[in-house]
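One structure coming up, written as structure tokens, with questions to follow.
Note that these values count all heavy atoms, side chains included, but never hydrogens, waters or copies made by symmetry.
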Amino acid sequence: MKNFFILSRDDKPERKEIIDKITEYIIKNGGSCSYALIDDYPYTIKEGTECIITIGGDGTFVRSVQRGYEHNVPFIGCNLGHLGFLCELDKESLYPSLDRLLNEKLEPESRMMLEGQVMDGAFVHAVNDVVLNCASNIQIARLSVHVNGQYLYSYNCDGIIISTPTGSTGYNLSAGGPIVNPNAETIVLTPINAHALNARSIVLGAEDEIKIVLEPRKRGNTKEKVEVKVDGALIGVLNVGDYATVKASKHKTLVYNLSNLSFVERIGKKMKDE
């Protein structure tokens, strides 16, 4: 491939230096490359672009995909952060990886995304997760979970995380949820600090649709609120009796994976590097 586009959270000296070096290297080797800052959205991704390189950490990668998945261009992340589960590249592997991208025919991985919706509002697409969190006026919420129209369980909890396999290494992992192979087609539901001994993560199928209703913890209490966030961005607030729905998106996250390591090897390496 020859045509690249770089996205970065900012152009502070350290990042701008890397952006300039990548651009220079690609052009020197017969390619083309331009860049933009994420917050400059909407930006123009030229027709024929074959790879979007994100410069930063997992947060930069997720935000870049959220704003660029509809272009159907594969992403690859260069990690400048701490752990970087989602980023394939780092400073040490950058130039050998650019050589492979420039000279080899690579097939991207296709990863599942989610759609989150508050009541009858617009669906918003998630790379990592849809999270329902207690708003500032309450400490514990009662959230009733329904799957495909069937009642599952009501959690007294701080919130609920509904995660993609890709997002399983994010907030879901911090809340005690399982790590899932990012190429799997599953939805992970994990309660946050649930006040129950039997509250565990549940792994559902990609065909399942989840509805979560905010119920009053005490009869007649209508002042409770829960925030609904998609990949960390607030999309709405639930009042008592309101609901949010989550299901698999028709869109996919396209990602280049240059590693020859298996999923287990990659996770093991990340854990050792932490």
Exercise. Please name the pair of heavy atoms, one in S201 and one in T190, separated by the smallest distance, quoted to 0.1 Å.
Key: OG-OG1, 2.8 Å
Quiz item: If we only count heavy atoms from C-beta on, is the P182 to T164 side-chain gap below 4.5 Å?
Solution: no
Quiz item: Of all heavy-atom pairs between L258 and R100, which one has the smallest distance, and what is that distance?
Solution: O-NH1, 2.6 Å
Quiz item: Under 4.5 Å between any side-chain heavy atoms of Y25 and L94, yes or no?
Solution: no
Quiz prompt | side chain to side chain contact (heavy atoms under 4.5 Å, CB included) assessment of I140 paired with H195 | solution = CA-CA 9 Å; I140 301 172; H195 291 232; 3.3 Å; yes
Quiz item: Got N148 and E207 here, is their nearest side-chain heavy-atom distance under 4.5 Å?
Solution: no
Quiz prompt | Salt bridge flag under 4.0 Å for residues E14 and R9 | solution = no
Exercise. Kindly assign one of parallel, tilted or perpendicular to the pair H146 and Y151, based on the angle between their ring planes and the thresholds 30° and 60°.
Key: perpendicular
Quiz item: Could you walk me through whether N239 and L214 pass the side chain to side chain contact (heavy atoms under 4.5 Å, CB included) check?
Solution: CA-CA 7 Å; N239 296 298; L214 176 60; 5.6 Å; no
Exercise. Test D58 against every option in N128, T166, L86 by the side chain to side chain contact (heavy atoms under 4.5 Å, CB included) rule and name the one that passes.
Key: L86
Quiz item: Within the side chain of T23, is there an N or O that forms a donor-acceptor pair under 3.5 Å with the backbone of C33?
Solution: no
Quiz prompt | Side chain to side chain, P165 and N183, heavy atoms closer than 4.5 Å | solution = no
Self-check item: Side-chain heavy atoms of L37 within contact of Y43, under 4.5 Å
Solution: no
Practice problem: Establish, from distance only, whether the side-chain atoms of Y243 and D120 form a donor-acceptor pair under 3.5 Å. | Solution: yes
Quiz item: Looking only at heavy atoms, what is the nearest atom pair of P178 and N172, with distance?
Solution: O-ND2, 2.9 Å
Self-check item: Heavy-atom pair of closest approach, residues V124 and V230
Solution: CG1-CG1, 3.9 Å
Quiz item: Counting only heavy atoms not in E24, do more than 12 fall under 6.0 Å of its CD?
Solution: no
Quiz item: Does the Q66 side chain pair with the main chain of V127, one donor and one acceptor, at a distance under 3.5 Å?
Solution: no
Self-check item: Test side chain to side chain contact (heavy atoms under 4.5 Å, CB included) applied to L152 and V145, I212, L204, the passing residue
Solution: V145
Self-check item: T44 to F5 - nearest heavy-atom pair and separation
Solution: O-CE1, 3.7 Å
Exercise. Give a yes or no on whether the backbone of I192 and the side-chain of D158 come within a donor-acceptor separation of less than 3.5 Å.
Key: no
Practice problem: Spell out, as yes or no, whether a donor-acceptor pair under 3.5 Å connects the side chain of D231 to the backbone of D129. | Solution: yes
Quiz item: Are the side chain of E185 and the backbone N or O of G205 linked by a donor-acceptor pair below 3.5 Å?
Solution: no
Practice problem: In sequence, state the C-alpha distance, the side-chain angles, and the governing distance for L98 and N29, and then conclude on side chain to side chain contact (heavy atoms under 4.5 Å, CB included). | Solution: CA-CA 10 Å; L98 286 175; N29 286 275; over 6 Å; no
Quiz prompt | D242/K225 salt bridge by N-O under 4.0 Å criterion | solution = no
Quiz prompt | Smallest separation among heavy atoms of K21 and Y95, with atom names | solution = CB-OH, 3.2 Å
Quiz item: Is the backbone N or O of L89 less than 3.5 Å from a side-chain atom of S93, with the two atoms forming a donor-acceptor pair by type?
Solution: no
Exercise. For the residue pair N3 and S32, confirm or rule out a side-chain donor-acceptor distance under 3.5 Å.
Key: yes
Exercise. Check the pair L101, F4 against side chain to side chain contact (heavy atoms under 4.5 Å, CB included), reporting the backbone distance first and the verdict last.
Key: CA-CA 10 Å; L101 290 168; F4 295 81; 4.0 Å; yes
Self-check item: Separation of I45 CD1 from I52 CD1 (nearest 0.5 Å)
Solution: 3.5 Å
Quiz item: Roughly how far, to the nearest 0.5 Å, is CD of E224 from CD of E215?
Solution: 10.5 Å
Quiz item: At what distance, to the nearest 0.5 angstrom, does OH of Y256 lie from CD of E109?
Solution: 11.5 Å
Exercise. Would you check if there is a donor-acceptor pair between the side chains of D40 and Y35 at a distance under 3.5 Å?
Key: no
Practice problem: For the pair T60 (side chain) and S8 (backbone), establish whether a donor and an acceptor sit closer than 3.5 Å, ignoring hydrogens and angles. | Solution: no
Self-check item: Residues K16 and D20 bridged, charged N to O under 4.0 Å
Solution: yes
Practice problem: Side-chain contact test, heavy atoms from C-beta onward, threshold under 4.5 Å: evaluate it for Y155 versus L189 and give yes or no. | Solution: yes
Practice problem: Could you pull out all residues at least two apart from E209 that satisfy salt bridge (Lys or Arg N to Asp or Glu O under 4.0 Å)? | Solution: none
Self-check item: Value rounded to 0.5 Å, distance of OG in S168 from CD1 in I161
Solution: 11.0 Å
Quiz item: Are more than 12 heavy atoms from other residues, nucleotides or ligands located less than 6.0 Å from atom CD of E104?
Solution: yes
